[in-house]
Amino acid sequence: MAAGAGEILQLIRSGRATTRTQVLELTGLSRVTVAQRMDALVAAGIVRAAGDAGATGGRRSERFVFDPADSLVLVAALELGTVPDGAALQGAQTSAAVALAVVDPHGALLARAPLAVDLAAGPGVVVPQVLDGFDTLLADAGIKPAEVGGVALSVPGPVDPDSHRLSDPPVMPGWGAWPVVETVRERFDVPVHLENDADAMAYGEFTELGVRREGRPQPFVLVKVSGFLGAGLVIDGRTYRGTDGGAGDIGHIDVGGDAVCRCGRRGCLAAEAGGAALLRRLGEAGADVGSLAELRELAERGDPLVTAELDRAAGLIGRVLAVVVGVLNPADLVVAGELAVPAMIAGIRAGIYAGAQPRATARLRIRPAVLGPDAVLIGLARVAVDDRFSAEAVDARLG
């Protein structure tokens, strides 16, 4: 099938072809067809001419870049507060920090703001608060709502890929199957995405790193090490969510132990090695560490008690990830989140190498996130932009 305008856009976005001549060479289309399809992309405000690309075959060649109008993305990352595991079971876990941002189509953060909410109030209260926060953020930044082309939100729970609703989230009682996407659409009439936070981070890191071999996207894993634990998987360049959004839910794998998890079971990885578990264990050992930020600071200073707890947690996480590596054989495994400090990454690496077969790790790269704390915000924006400007969506839009 001949390349449509959507496929030509993908060539331009990837940098593989930014001139008409390069598009001709890669697609084999006629000069007239290429001109028509690129003119359609320009007329739709999706690409624009960006100056002279230099001489090609004795002729000057015009360069084109992806620069769509009305395509800013509103993003909101919902992150539960951190308290010792088990507290949620008695209703003490209600706080959440929401990071709001406006992101441009290239992943640049144009404006951002924090928002505190009370999860115990339920989605019927929290989601409208987030939407009001969006309105305030746009007004403060001087951005018109008409410039927004998409909205994306992340949550610390599984999201069903078919219904686009939370699927029995163990740490967000009352949110299961609630119509978050539909409620957002009532305020912002644009495409809306609801993503698991680790999935969003994984997609952001994958697209930033460009994990390919011989032109093909390679299997990619991101593990989020924060108050909670989770993993995001990207297979064949697409987020792999599983049957009902539960793919990558490593935090509830049984690793032994007696700690009660927020899900109600004992011995889950999150209950033994998550950030909340680390704070609990350090408190029991007599250390006065009240937050993950303090824990990270002590880790970076080489505090012996904190280092020992990180080593223990990293070993457990690495043991679980060794199985993931054996099953998926990824090219890259990125460690992200508040506790992605060198000691944690080193311990996870040691656990993976100890538990996985040598052939599974021979070409594996284990490294920290390159997007840092903004990974989830940028990942959410890229989910929205890549969906809106996929080859299929662009061809449908241009007819």
Side-chain angles (χ1 to χ4, degrees), residues 1-69 71-73 103-108 149-150 202-220 222 233-240 330-332 334 363 365 367 370-371 375 378-399:
M1 182 181 294
E7 290 188 31
I8 291 175
L9 174 62
Q10 307 316 308
L11 294 175
I12 294 172
R13 289 190 65 191
S14 68
R16 295 177 60 201
T18 59
T19 67
R20 286 188 171 90
T21 299
Q22 291 171 338
V23 172
L24 281 167
E25 292 172 350
L26 286 179
T27 64
L29 297 172
S30 70
R31 190 174 298 276
V32 171
T33 300
V34 167
Q36 290 174 338
R37 292 177 179 172
M38 293 188 72
D39 287 347
L41 290 170
V42 172
I46 298 173
V47 303
R48 64 173 175 83
D52 199 332
T56 303
R59 300 178 59 183
R60 308 301 292 180
S61 185
E62 194 171 35
R63 184 170 62 91
F64 292 85
V65 296
F66 174 65
D67 191 21
S71 294
L72 301 181
V73 184
V103 189
D104 78 7
H106 305 288
Y203 191 73
E205 288 288 329
F206 172 83
T207 53
E208 181 72 14
L209 292 169
V211 185
R212 292 177 176 271
R213 184 172 294 146
E214 297 179 358
R216 300 190 308 274
Q218 297 297 297
F220 177 90
L222 176 140
L233 315 174
V234 181
I235 309 296
D236 290 333
R238 298 176 180 274
T239 301
Y240 179 74
D332 284 79
V334 165
R363 302 173 76 176
R365 291 169 294 196
R367 49 188 172 182
V370 297
L371 295 176
I378 295 172
L380 283 170
R382 287 179 174 167
V383 166
V385 171
D386 287 358
D387 179 72
R388 186 179 185 193
F389 294 102
S390 68
E392 298 80 6
V394 170
D395 285 341
R397 177 176 171 182
L398 299 183

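These numbers come from the heavy atoms of this one structure, side chains and all, not from hydrogens, waters or symmetry mates. What you are looking at is a predicted structure, and each value in this text was computed from that prediction instead of being measured. Residue numbers start at 1 and run along the sequence shown.
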Check whether any side-chain heavy atom of Val23 lies under 4.5 Å from a side-chain heavy atom of Met38, and answer yes or no. yes

Hey, does Phe220 have a side-chain heavy atom less than 4.5 Å from the side chain of Val334? yes

Shortest non-hydrogen contact from Asp386 to Thr207? OD2-CG2, 4.1 Å

Heavy atoms of Leu233 and Ala202 approach each other most closely as N-CB, 4.4 Å

Can you find a pair of side-chain heavy atoms, one from Val385 and one from Arg13, that are under 4.5 Å apart? yes

Find out whether Leu398 and Leu41 are in side-chain contact, i.e. whether some heavy atom of one side chain is under 4.5 Å from a heavy atom of the other. yes

For the pair Glu205 (side chain) and Val370 (backbone), establish whether a donor and an acceptor sit closer than 3.5 Å, ignoring hydrogens and angles. yes

Could you check whether any side-chain heavy atom of Phe64 comes within less than 4.5 Å of a side-chain heavy atom of Ile8, counting everything from C-beta outward? no

CD (Glu392) and CZ (Arg397) are apart, to the nearest 0.5 Å, by 15.0 Å

Could you grab the distance from atom CZ of Arg363 to atom CD of Gln218, nearest 0.5 Å is fine? 7.5 Å

Would the distance check show the side chain of Arg63 and the main-chain N or O of Thr18 forming a donor-acceptor pair, the cut-off being under 3.5 Å? no

Run through Asp67, Leu9, Ile12 and flag the one making a side-chain contact (heavy atoms from CB on, under 4.5 Å) with Ile46. Leu9

Distance from Asp104 atom CG to Ile378 atom CD1, nearest 0.5 Å? 10.0 Å

Tell me whether Glu208 contacts the main-chain N or O of Gly204 through its side chain, where contact means a donor paired with an acceptor under 3.5 Å. no

Do Pro105 and Leu72 make a side-chain contact, defined as non-hydrogen atoms from C-beta onward lying under 4.5 Å apart? yes

Non-hydrogen atoms of His106 and Phe66 that approach each other most closely: CE1-O, 2.8 Å

Residues Arg37, Asp395: salt bridge by 4.0 Å N-O rule: no

If you take all heavy atoms of Phe389 and Pro68, which pair is closest and at what distance? CZ-CB, 3.5 Å

First locate atom CG of Asp332, then atom CZ of Arg367, and finally report the distance between them rounded to the nearest 0.5 Å. 4.0 Å

Least distance between heavy atoms, Ala3 atom then Leu29 atom: O-CD1, 3.4 Å

Mind checking whether Arg16 and Gln22 have side chains closer than 4.5 Å, heavy atoms only? no

Can you tell me how far apart CZ (Phe206) and OG1 (Thr239) are? Round to the nearest 0.5 Å. 9.0 Å

Shortest non-hydrogen contact from Ser390 toward Gln10: C-NE2, 3.6 Å

